[in-house]
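Reading through the structure tokens given below for one structure.
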There are 2 protein chains.
Amino acid sequence: MHATVAKQLPKNYKLVYDILRGAGHGVHFTMGEIYAHARRKRPAIGFSTVYRGIARLRDLGWIDEIELPGSGSAVYELKGRPHAHFRCERCGEVADVHYQLPARTVARLAARTGGRIGTAMVMLRGLCRRCSV
Amino acid sequence: MHATVAKQLPKNYKLVYDILRGAGHGVHFTMGEIYAHARRKRPAIGFSTVYRGIARLRDLGWIDEIELPGSGSAVYELKGRPHAHFRCERCGEVADVHYQLPARTVARLAARTGGRIGTAMVMLRGLCRRCSV
DNA sequence: TCCGGCACTGAAAGTCATATTCACTATCGG
DNA sequence: CCGATAGTGAATATGACTTTCAGTGCCGGA
């Protein structure tokens, strides 16, 4: 994986990346949660550094930033294949859903709008299994 | 339509609704734009009143609030049938796209997550026709 | 080894779009 | 006319980023 390149990252940014990588795919963190984890490993680290680390990793394409409509804050996860997200309106939990709009559908929509579609995101909202009981 | 019920709205909320209704379907406004329009019609109106008007109309289900991932602010439009949104990454324009996830697909995803899916939103991002030249 | 520079850092301050609080005021059923 | 309730504008608070500032550290070249 990115190991060899990762070595060139400033150590604090690497620390941030390791938090996400350690959790694995499908685990989501808010900026605040990542900061909390980072402080546990390196108490003197500042919020700005974690923030800049996230920004760098996102720009490098190593992590995905998911903007949750209506939640006020974004969540981050290890870069993976495109997928949809489900957010429970009661507990706020965010779960990955293995689904993406068929390429054919996206192409059809692009033709209809006359522009170029870069990304298509699907956001599902409702009650998760636990909260819907 | 809602005419009879609309009469019961406080006049300032009705003013806000009329701005959206006057523009028709498929036209999007940010909170700030709505406030600007409102002031033109009633210069003494306060931001809070417009804000509360929007909140009320949204709760009544007369307008839709669309949270645009990564845009920092939501846009509002007259309530209509469910549809997807396309946002140009260059000019920021938001356009309606007549498409919604097939009910069958949503049902299949709900079964897979084990929860209940209330809404499914599709957000497309890319370059609009004018910006993609 | 010593130096110049640029990347990296933490704390603090700034931004921006809402949300909420406060002290009235207008309205409506009696 | 009255009291309760809803509506109002100004001001303030909030939350999540985002940028600025004043160093610090590290690296390649002389």
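Chain letters run A, B, ... following the sequence lines, proteins first and then strands; every chain starts at 1. In this text the structure is predicted, and so the values were computed from the model without any measurement.
Of the candidates C:dC8, D:dG7, C:dT18, D:dG7 carries the atom nearest the B:Pro10 side chain, counting heavy atoms from C-beta on.
Atom C1' of nucleotide C:dC16 and atom CD of B:Glu67 are separated by 15 Å, given to the nearest angstrom. For A:Leu9 and C:dC8, the CG to C1' distance is 12 Å, given to the nearest whole Å. In this structure, CD1 of B:Ile54 is placed 17 Å from C1' of C:dT20, rounded to the nearest angstrom. C:dT9 atom P lies 10 Å from atom CG of A:Leu15, rounded to whole Å. Note: CG (A:Leu68) to P (D:dG15) measures 18 Å, nearest angstrom. Rounded to an integer number of Å, the gap from NZ of B:Lys11 to P of D:dA6 is 17 Å. One can place OH of B:Tyr76 at 12 Å from P of C:dA17, the figure rounded to the nearest angstrom. Whole-Å rounding puts the B:Arg58 CZ to C:dA17 P distance at 17 Å.
Nearest-nucleotide mapping onto DNA chain C: of B:Tyr51 and A:Ser48, the residue sitting toward the 5' end is A:Ser48. If B:Phe47 and A:Ile45 are placed on DNA chain C by their nearest nucleotide, the residue sitting closer to the 5' end is A:Ile45.
Side-chain heavy atoms closer than 4.5 Å link hydrophobic residues (I, L, V, M, F, W, Y) into clusters, and following such links, possibly through other members, connects A:Phe29 to A:Ile63.
Between B:Arg56 and B:Asp59 there is no salt bridge, since no side-chain N of the basic residue sits under 4.0 Å from a carboxylate O of the acidic one.
Between B:Arg56 and the phosphate of D:dG7, there is a side-chain N or O to OP1/OP2 separation shorter than 4.0 Å. OP1 or OP2 of C:dT9 sits under 4.0 Å from a side-chain N or O of A:Asn12. The side chain of A:Tyr13 places no N or O atom within less than 4.0 Å of a non-bridging phosphate oxygen (OP1 or OP2) of C:dC8.
Between the CD1 atom of B:Ile45 and the CG atom of B:Leu15 there is a distance of 5.5 Å, given to the nearest 0.5 Å. Note: B:Glu89 CD to B:Ser132 OG = 12.0 Å, rounded to the nearest 0.5 Å. In this structure, the separation between CZ on A:Arg81 and CG on A:Asp96 is 12.0 Å, given to the nearest 0.5 Å.
Residue B:Glu93 is tested with B:Arg129, B:Arg125, B:Arg87, B:Arg130 for a salt bridge (charged side-chain N to carboxylate O under 4.0 Å, His left out); the sole match is B:Arg130.
Considering all non-hydrogen atoms of both residues, A:Pro69 and A:Met123 come closest at CD-CG, 3.9 Å.
Non-hydrogen atoms lying under 4.0 Å from DNA chain D are contributed by nothing in residues 85-93 of chain A.
Residue B:Ala74 is in sugar-phosphate contact alone, with no base atom involved, counting any heavy-atom pair closer than 4.0 Å across all strands shown.
The base of D:dT20 sits within donor-acceptor range of the side chain of A:Arg52, with an N or O pair under 3.5 Å.
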